[in-house]
Amino acid sequence: MSATIPITDSHCHLTSRQLAGEAEALVARAVEAGVSRLVTIGCDLEDSPRCADFAAAHKAVFAAVGVHPCSVTDVTEGDWLEQIRALAARPKVVAIGEIGLDYYHPAPDGWTEDAYRERQKAFFAAQLELAADLGLNVVVHQRDRKPDGRCWPDIVEMVAPFAGKLRAVFHCFTHPWVAAAPLVEQGHVISFTGIVTYPSAGVMQDCARDAAPGSFMVETDAPYLAPVPHRGKRCEPAFTRHTAECIAGLRGVPLEQIAADTETTAEGFFGFGP
Ligand SMILES: [Zn+2]
């Protein structure tokens with residue numbers, strides 16, 4: 001993509017251990033590839049401050065801070081929510097995330113599945129409340145073992161009371177557009193990862209084709225989920241355009257339009273400021 005067509009990588013993990021020592025080079029390569037902004041998403045109480053620090057030091061980078069559902073059993077600090085609240089006040093922190101529910105990974109040792117899910121729900125609920133209180137939007141993770149599992153209905157139920165109080169992005173959206181449409185009507189958005197470029201991703205490709213303009217963003221989720229033609233390799237934010245190109249092809253519109261629409265959506269959602 002020419003650097004004149006800016007596009008935002010709305011979700012990546014620049015502070016991931018898998019990218020250690022390389023984040024600087026990855027941001028430079030992304031900017032060169034026309035990625036105007038990168039939102040690096042925190043996963044726990046150690047990672048979230050690193051995201052805020054990294055964003056403060058890099059013009060193109062913004063941060064989200066939060067406790068990921070897969071990290072909830074690692075948190076022992078009684079003041080964890082106050083720590084997230086303090087981080088949210090740091091410059092260039094634009095959302096609370098990554099928060100949500102994960103019914104895919106098994107419960108850690110010493111936890112029953114039920115207790116694990118209850119703890120995830122408690123953390124999700126507390127961070128939704130915090131975001132609403134702070135006037136910030138949320139980056140939501142949801143993953144299940146099967147497409148019709150309880151995870152998505154539970155997410156929808158927990159987010160419903162916050163309509164009008166905050167907006168959520170349902171990241172790495174894997175459901176049909178009909179599942180997203182009522183939430184989009186309430187102001188929420190979805191985002192597509194590189195999975196949409198996989199020939200086997202029929203549901204997601206249909207969703208990317210059907211989604212209303214302005215209802216979605218694009219993301220790499222780097223270091224995970226590299227799009228074709230880099231599938232199977234470590235993902236990096238410079239690959240954002242491959243996902244956008246694929247969606248443009250599915251919708252039969254120019255890449256420029258997908259770039260412009262997703263930029264507008266990302267700016268409205270995260271409020272990057274001038
Ligand atoms: Zn993520």
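All ligand and atom numbering here is 1-based and tracks the order in the structure.
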request  = Taking side-chain contact (heavy atoms from CB on, under 4.5 Å) as the test, write out the residues that go with Pro223, two or more places apart.
outcome  = His13, Ser16, Gln18, Leu19, Arg234
key: side-chain contact (heavy atoms from CB on, under 4.5 Å) against Pro153, all qualifying residues, sequence neighbours excluded   = Arg150
task = Using a strict 4.0 Å threshold on nitrogen-to-oxygen distance, state whether Arg50 and Asp53 make a salt bridge.
result = no
message = Does the structure place the NZ or CZ of Arg143 under 6.0 Å from the centre of the six-membered ring of Tyr103, at an angle of no more than 45° from the ring's axis?
response = no
key: Pairs flagged by side-chain hydrogen bond (donor to acceptor under 3.5 Å, both in side chains) wherever residues 177-201 is involved - sequence neighbours left out   = Ser191-Glu219
inquiry  = How about CZ on Arg17, more than 12 heavy atoms from neighbouring residues, nucleotides or ligands closer than 6.0 Å, or not?
reply    = no
note = Given a cut-off of 2.8 Å, the protein N, O or S atoms lying below it from the Zn ion (ligand 1) are His11 NE2, His13 NE2, Glu98 OE1, Asp221 OD1
